[in-house]
Amino acid sequence: MTIPTGTAVTTEGVAIRNVSKRFGDGADAVVALDDVSLDIPRGRFVSLVGPSGCGKSTLLRLLANLDTPTSGNIELLGHPPEQATSHKLIGLVPQAPALLPWRTVVENVHLPFELNAKQQHNVDGERLDPLAVLAEVGLGDALDRKPVELSGGMQQRVAIARAFCFGAPILLMDEPFSALDEFTRESVQTQLLELWRRHTKTIVFVTHSVREAVLMSDTVVVMSARPGRITATIDVGVERPRNDLAVEQSAEFQGYIADVKTALKDGWR
Ligand code: ADP
Ligand code: MG
């Protein structure tokens, strides 16, 4: 998965080439990302794991055009981040669901449509019917509720439904489930996987949980801190669906967990 320097940039998927990001100057400079290269084929579910401060959020922010690399090159479906955002190729799901409190569930999902009503939508993205997607994630009975009337898991489902409905082909998710309890987390994981299976998206997903990364991903990208680098990319070969106790307890699944944990430890040395 890691592409050697000099390889032609692909127009499919996400291409990250020799990207470095430094904050500050001189002795106080923080090298958040150091020469990171990664190729994410279209339609893949890729997780980033690594210790706190290894640059996961920084990398997502660069992809989403919320910041610019110090050096290197990024293309999303053949477009630099600035164009990719203006073409609506990217949807961002943050750690906190970021719903407007005075709007109902269905009104929150409609928000990006209203904000972009005058802009032509990019043909790459398939816009989905909010009512159908909300039903898919089990919120069909909660359409008229306000965020304050929803549990944390329900709020996060609204945020995920909103990202899917809007139609961006690439979704960036920064630890979206970290605030949820274990039971809620499992059901939201299952629903995200089901949405991803039904409506092809390229997903870049940041998580602290090795188990979650192996459960969800086609590829787990392991990073190390100071400076932030990719130390391993592990393709998970376990057949889907994986959210089943027998699958999770299998030697194959546990073997991938061990591989990711070993790669994380190697990165600390
Ligand atoms: P992660 O998401 O993996 O925990 P981050 O990408 O948030 O890590 O941060 C990577 C490193 O860059 C950290 O050392 C962090 O302190 C630093 N950093 C991130 N954003 C900024 C910023 N805006 N200004 C200065 N340093 C930053
Ligand atoms: Mg982070």
Side-chain angles (χ1 to χ4, degrees), residues 1-2 14-40 44-74 76 80-82 84-85 90-98 152 155-156 159-160 163 170-180 185 188-189 192 202-217 219-234 257 259-269:
M1 279 257 318
T2 314
V14 179
I16 299 164
R17 294 286 179 276
N18 308 108
V19 164
S20 295
K21 178 66 184 177
R22 198 180 55 240
F23 292 106
D25 277 321
D28 295 335
V30 174
V31 181
L33 295 170
D34 183 34
D35 197 22
V36 167
S37 291
L38 180 67
D39 195 48
I40 303 174
R44 284 286 177 109
F45 198 123
V46 171
S47 289
L48 307 179
V49 297
S52 190
C54 73
K56 305 179 294 293
S57 296
T58 301
L59 187 55
L60 283 200
R61 289 175 55 80
L62 297 180
L63 294 176
N65 194 39
L66 295 171
D67 207 339
T68 48
T70 308
S71 59
N73 184 46
I74 294 174
L76 304 113
E82 197 181 340
T85 35
I90 301 163
L92 188 62
V93 179
Q95 200 165 342
Q155 291 186 26
Q156 201 51 275
I160 291 169
I170 299 166
L171 296 184
L172 309 175
M173 303 190 170
D174 197 351
E175 302 192 36
F177 305 151
S178 60
L180 304 179
R185 192 167 176 146
V188 185
Q189 285 165 343
L192 173 58
T202 307
I203 297 186
V204 187
F205 184 91
V206 173
T207 177
H208 264 117
S209 160
V210 173
R211 176 194 162 265
E212 183 169 78
V214 171
L215 174 76
M216 309 288 282
S217 317
T219 304
V220 180
V221 175
V222 179
M223 297 177 68
S224 70
R226 275 172 283 279
R229 284 192 180 139
I230 293 177
T231 52
T233 57
I234 296 168
I257 298 231
D259 288 351
V260 175
K261 286 189 172 168
T262 303
L264 280 166
K265 281 205 184 110
D266 288 346
W268 292 336
R269 284 191 197 121

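Indexing begins at 1, ligand by ligand and atom by atom, following the structure's order. Keep in mind that what you see is a predicted model, and the values were worked out from it rather than measured.
The shortest separation from a heavy atom of G228 to ligand 1 is not under 4.0 Å, leaving the residue out of contact.
At a heavy-atom distance under 4.0 Å, atoms from both the backbone and the side chain of T58 approach ligand 1.
Using a 4.5 Å heavy-atom threshold, the side chains of S37 and N18 count as touching.
Using a cut-off of 2.8 Å, one finds that Q95 contributes no N/O/S atom close to the Mg ion (ligand 2).
Using a 4.0 Å threshold on non-hydrogen atoms, atom 22 (C) of ligand 1 counts as touching the protein. Within the 4.0 angstrom cut-off, atom 16 (O) of ligand 1 has no protein heavy-atom neighbours.
The protein heavy-atom contact nearest to atom 13 (C) of ligand 1 is G53 O, 3.8 Å. The protein non-hydrogen atom at the shortest distance from atom 12 (O) of ligand 1 is A32 CB, 3.4 Å.
Sparse packing is recorded around CZ of R22, with 12 or fewer heavy atoms of other residues, nucleotides or ligands lying under 6.0 Å away.
The minimum heavy-atom distance between I234 and A263, with the atom names listed, is CD1-CB, 4.3 Å.
Checked against a 3.5 angstrom limit, the closest N/O atoms of G55 and ligand 1 fall inside it. Every N/O-N/O distance between F23 and ligand 1 stays at or above 3.5 Å.
A distance of 8.0 Å separates CZ in R185 from CZ in F177, rounded to the nearest 0.5 Å.
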